[in-house]
Structure formats: structure tokens, C-alpha cells
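Here the structure comes first, spelled out in C-alpha cells, and everything after it is commentary.
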Amino acid sequence: MDRPLLVGNWKMHKDREEAVALASALRESLHDAPAEVVLCPPFTVLYPVAGIVKDSSLYLGAQNVHWQRAGAYTGEIAPGMLVDLGCRYVIVGHSERRQWFGETDEHVARKVKAALEAGLTPIVCVGENWEERQRGETEAKVTLQVRAATAWLAPEEMPRVVFAYEPLWAIGTGRNAEGADAAAVAARIREEIGKLTSAGTVRVLYGGSVKADNVAEFAAQPHLNGALVGGASLDAQQFTAIVQTWLAAEGDLARDAR
Ligand code: PGA
């Protein structure tokens with residue numbers, strides 16, 4: 001079984017001192033965890049956090065990226081700049097960016113392409129809002145977002161993308177999706193990718209109010225490869241518990257299957 005991918009999205013939190021303390025605590029608590037753990041701090045602390053995760057079991061990611069390599073784009077950060085700092089991952093198209101910063105499906109497609117070209121793994125966020133869910137449009141919405149995000153890719157590039165299914169109504173609300181519902185959407189994403197490429201499948205995460213006390217439900221789902229965690233990733237103990245609970249739940253699943 002592949003190692004699970006657990007990503008902490010720190011959003012606009014943590015100054016230098018707090019970021020160093022959090023990353024150092026996680027380096028210690030997760031040093032032998034057989035998981036791929038990615039920290040996505042704000043741009044301003046990528047550099048100090050890079051120094052802490054270097055030569056550890058943790059990876060560094062950013063929360064956004066521009067699609068151009070360089071140029072007159074005030075306030076933007078190029079993919080190569082993230083690689084230069086030690087980033088391996090980048091979150092693309094988070095719903096907060098789509099909602100508050102006018103990020104469109106076309107922006108997402110360009111960013112995904114540019115990230116892959118620079119050697120970064122894009123973690124593309126997709127998901128429906130509450131009204132879309134009520135109307136039964138979840139899978140249709142996610143399917144469109146998946147197609148749009150991969151529109152600029154060659155088929156052989158597609159398996160390198162990670163998708164995070166994050167229903168908008170579950171983000172920061174304390175109201176998580178049901179494990180089985182999230183797994184059904186993940187299966188739909190994989191099926192769609194299967195139509196677009198024969199080069200392999202993608203990893204799919206669940207995100208939206210993931211906590212230590214609900215993460216086992218997601219770990220038990222066959223179609224989910226990990227989680228994208230916001231609020232609960234800001235505390236070392238909580239995030240450590242999430243990683244450990246995921247690993248334990250997956251272990252139970254593997255034992256049951258034998
Ligand atoms: P949350 O955020 O865990 O605080 O709900 C998830 C996300 O926005 O990625």
C-alpha cells in the first residue's frame with residue numbers, strides 16, 4: 001500500500017517564531033511515521049520551515065503559485081522560486097482562492113501545468129457548495145473542475161496531479177462530509193481521470209473539518225489516499241494525532257482484508 005498523504009494547510013497563520021516551533025514539534029513527533037506529511041505554511045515562513053524539514057520525513061509545500069516563470073507580475077511567486085526554497089508540493093485552486101481572489105478554472109489549469117513543469121506536485125482542490133449539493137450536482141461540479149484542471153496537460157502528466165475533494169460547506173465549519181460520500185466523489189475523480197489517460201491513476205485526498213476524532217472514517221475508505229487539513233494542522237499535537245490515527249485506521253483495514 002502507498003504511504004498516505006497528509007497535508008497541513010496553515011492558510012494565513014503563523015509568524016516566524018510560531019512556524020518554527022510548529023514545524024520543529026512535528027519533525028520530532030512524526031520522525032518515524034510511515035506517511036508522506038506535507039506542511040504548507042504562508043510564503044513568508046517557507047524559508048525557515050524549509051530549514052527544519054530538510055533531512056526529515058516531512059515535505060514542504062506552498063499554498064499558491066503563479067504560472068509564469070518570471071516577469072512583471074507584482075505580488076506573485078513563480079513555480080521555480082518555490083522549488084528553489086525546497087518545495088515539493090503546491091496547493092492549487094483552493095476554494096478560498098476561487099471565492100475571494102477570483103481564481104478561475106483557467107487559472108487553475110495554467111497553474112497545474114506550470115507546477116508540473118517546474119517539478120512540483122500540484123494538489124488541486126475541487127468541491128461543491130451547499131446549494132449544488134442540495135441540487136444533487138456534486139459529481140457533475142467536481143467532474144467539470146477535474147476536466148478543467150487537467151485541460152492543459154498531456155495524458156502522461158495527469159497521474160502526477162493530486163486532487164483534494166473539499167466540499168465548500170465543510171471547510172472551516174466543523175461539519176465534515178460522510179466518509180462514504182467523500183469516497184464516492186474520489187471514485188468519480190479517478191474514473192474521470194481514467195477516461196483522460198491510460199498512464200495511471202491519481203491520488204485523492206479529502207479535506208474539510210478533518211480532525212483527529214473523525215479522520216479514521218476517511219482512512220477507512222478505499223478511494224481516499226489522505227487528507228488536506230486546515231485548522232487542525234495549526235496545532236502539533238492535533239496534527240500528529242491525525243497522522244497517527246490515519247495510519248492506525250489503515251492498518252486495521254489491511255488486517256481486515258487479510
Ligand atoms: P479545515 O480547512 O480543515 O479548517 O476545514 C481545510 C482546507 O481549507 O483545506
Side-chain angles (χ1 to χ4, degrees), residues 4-14 18-19 22 26 35-43 46 49 58-65 87 89-101 103 108 111-112 115 120-130 132-133 138 141-142 145-146 149 161-179 181-183 185-186 189 202-219 221 224-246 249:
L5 175 59
L6 293 145
V7 184
N9 174 10
W10 296 4
K11 306 194 180 181
M12 199 169 72
H13 294 285
K14 305 292 179 189
E18 293 163 340
L22 176 54
L26 292 170
E36 210 168 323
V37 176
V38 182
L39 309 184
C40 300
F43 289 127
L46 280 174
V49 172
L58 307 172
Y59 296 94
L60 190 65
Q63 298 173 19
N64 186 22
V65 66
C87 289
Y89 290 86
V90 63
I91 298 170
V92 175
H94 190 281
S95 62
E96 286 153 13
R97 296 219 52 86
R98 296 181 193 251
Q99 187 175 355
W100 305 116
F101 303 101
E103 208 157 293
V108 172
K111 289 177 180 201
V112 168
L120 292 163
T121 297
I123 301 169
V124 181
C125 301
V126 295
E128 83 287 1
N129 64 30
W130 183 246
E132 289 161 341
R133 180 165 200 93
T138 299
K141 172 73 181 283
V142 169
Q145 288 178 320
V146 167
V161 177
V162 174
F163 283 95
Y165 168 53
E166 297 209 309
L168 271 60
W169 47 271
I171 296 176
T173 58
R175 191 161 116 227
N176 58 283
E178 302 278 322
D181 286 352
V185 177
I189 292 172
V202 288
R203 287 183 288 177
V204 183
L205 315 179
Y206 168 75
S209 297
V210 171
K211 305 268 182 300
D213 60 12
N214 64 22
V215 73
E217 180 180 347
F218 300 103
Q221 303 298 332
L224 293 175
N225 304 96
L228 176 54
V229 186
S233 74
L234 297 173
D235 177 85
Q237 266 186 356
Q238 276 198 59
F239 193 52
T240 300
I242 286 172
V243 175
Q244 287 170 344
T245 307
W246 187 289

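Whatever order the structure lists ligands and atoms in, that order sets their numbers, starting from 1.
From the protein, the heavy atom lying nearest to atom 3 (O) of ligand 1 is Gly230 N, 2.8 Å. Protein heavy atom nearest atom 4 (O) of ligand 1, with residue, atom name and distance: Gly231 N, 2.8 Å. Shortest contact from atom 9 (O) of ligand 1 to any protein heavy atom: Glu166 OE2, 2.7 Å.
Applying side chain to side chain contact (heavy atoms under 4.5 Å, CB included) to Val108 and the options Gln145, Arg97, Arg98 leaves one that passes, Arg98. Partner of Lys141 under the salt bridge (charged side-chain N to carboxylate O under 4.0 Å, His left out) criterion, out of Glu128, Glu166, Glu132: Glu132 alone. Results of the side chain to side chain contact (heavy atoms under 4.5 Å, CB included) test with Val162 over Val92, Thr121, Val7 single out Thr121 as the only residue that passes.
For residues 224-244, the set of pairs meeting the side chain to side chain donor-acceptor pair (under 3.5 Å) definition, not counting sequence neighbours, comprises Ser29-Thr240, Arg190-Asn225.
The atoms of ligand 1 that sit less than 4.0 Å from any heavy atom of Ala170 are 5 (O). Atom numbering of ligand 1 starts at 1 in the shown order; those under 4.0 Å from a heavy atom of Gly208 are 5 (O). Of all atoms in ligand 1, numbered sequentially from 1 with element shown, those under 4.0 Å from a heavy atom of Leu228 are 9 (O). Close contacts of ligand 1 with Gly172, meaning ligand atoms under 4.0 Å from a residue heavy atom, involve 1 (P), 4 (O), 5 (O). Near Asn9, meaning under 4.0 Å from one of its heavy atoms, ligand 1 places the atoms 9 (O).
Taking any N or O of Val229, backbone or side chain, none lies under 3.5 Å from an N or O belonging to ligand 1.
For Gln99, the CD atom is densely surrounded, since the number of other residues' heavy atoms within 6.0 Å is greater than 12.
Phe101 and Glu96 get closest at one heavy-atom pair: CD1-O, 3.6 Å. Nearest heavy-atom pair across Ser209 and Asn176 is O-CB, 4.0 Å. In terms of heavy-atom proximity, Ala177 sits nearest to Glu217 at O-OE2, 4.4 Å.
Residue Ile171 touches ligand 1 through backbone and side chain together, judged by heavy-atom distances below 4.0 Å.
The option with the heavy atom closest to atom 2 (O) of ligand 1, from among His94, Lys11, Glu96, Gln63, is Lys11.
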